[in-house]
Amino acid sequence: MSDVIQFFYNPMSRARIAHGGLEESGLPYEIKLLDFDKGDHKKPEYMKLNPMGKVPAIIHRGKVVTEAAAILAYLGDLTPEKKLAPGLDDPDRGTYLRWLFFTSTNWEAAVLEKNVPRTPALPSRSLGFGSFDDTVHALETAIKPGPFILGDRFTMADLLLAAQLNYSLMVKWIEPRPVFTAYLERCEARPAAKRANEQSMQIMAKMKAGK
């Protein structure tokens with residue numbers, strides 16, 4: 001059974017989060033590009049892997065893993081030598097999981113609720129994130145000591161946080177704050193982040209040229 005990870009990908013999606021994780025892990029992977037315009041993500045062969053018809057997804061050692069946060073957690077645990085995820089006996093494990101889950105559940109839900117509100121609005125007690133203001137304040141408080149969520153240690157939780165934070169700022173769902181800007185600069189300066197971004201730009205250029 002091959003150890004090369006099959007990575008189902010489109011550069012205009014959350015798959016870019018997993019792409020960064022793969023580059024950080026140093027594990028061998030093969031990109032399986034899905035063209036949204038051709039409906040590749042909804043074709044039967046891919047729907048068998050992920051009935052949601054969403055990316056990212058990976059296949060490793062014959063098993064499918066979907067959801068960006070789950071893929072990052074999987075890759076982090078798979079490569080303990082990279083120190084991208086605290087081990088089970090590490091006191092920082094709980095904090096790492098806290099922010100990994102905060103980002104994948106509360107953050108995206110909060111910014112969507114704020115910018116694309118449902119009608120009628122639900123009371124804050126019914127929402128997992130409580131309120132948009134509380135969510136933004138919680139993240140700013142966590143990032144402020146720096147340089148990363150676990151201090152000097154960069155983990156997969158930072159990769160996920162940076163990706164979601166960057167998107168939220170790009171589409172103007174949140175106002176820029178110095179703490180957020182400085183944090184993103186640190187995360188995006190990592191060699192793996194630069195490699196993943198460069199690959200994504202190249203793939204998008206080829207896709208555009210082929211239309």
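For the single chain, residues carry numbers from 1 onward in sequence order.
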Just by distance, do the side chain of [X] and the backbone of [Y] share a donor-acceptor pair under 3.5 Å?
X      : Y      : answer
Arg16  : Ser200 : no
Arg93  : Gly87  : no
Asp158 : Phe148 : no

Residue of the set Arg190, Lys194, Arg195 for which salt bridge (charged side-chain N to carboxylate O under 4.0 Å, His left out) holds with Glu24: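 The single option meeting the salt bridge (charged side-chain N to carboxylate O under 4.0 Å, His left out) with Glu24 is Arg190.
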
Where Asp152 and Pro147 come nearest, the two heavy atoms and their spacing: OD1-CD, 3.3 Å

Straight-line distance of Leu161 CG to Leu100 CG, nearest 0.5 Å: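 It comes to 8.0 Å.
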
Lys42 atom NZ, neighbour heavy-atom count above 12 within 6.0 Å: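 Yes, the 6.0 Å shell around NZ holds more than 12 heavy atoms from other groups.
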
Met201, CE: over 12 other non-hydrogen atoms inside 6.0 angstrom: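 Yes, enclosed.
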
Residue pair Ser131, Asp134: steps toward the side-chain hydrogen bond (donor to acceptor under 3.5 Å, both in side chains) verdict: CA-CA 5 Å; Ser131 73; Asp134 287 347; 3.2 Å; yes

Intermediate values then yes/no, side-chain hydrogen bond (donor to acceptor under 3.5 Å, both in side chains), Tyr96 and Asp90: CA-CA 10 Å; Tyr96 163 75; Asp90 190 321; over 6 Å; no

Whether Trp107 and Phe180 hold their rings parallel, tilted or perpendicular, with breakpoints at 30° and 60°: perpendicular

Test log, rule side-chain hydrogen bond (donor to acceptor under 3.5 Å, both in side chains), inputs Tyr74 and His60: CA-CA 10 Å; Tyr74 178 78; His60 187 228; 2.7 Å; yes

Option from His19, Glu108, Glu67, Gln164 for which side chain to side chain donor-acceptor pair (under 3.5 Å) with Arg14 holds: Glu108

Carboxylate-amine/guanidinium contact Lys32 Asp40, below 4.0 Å: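 Salt bridge absent between Lys32 and Asp40.
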
Donor + acceptor pair across side chains of Ser13, Asn10 (<3.5 Å): no

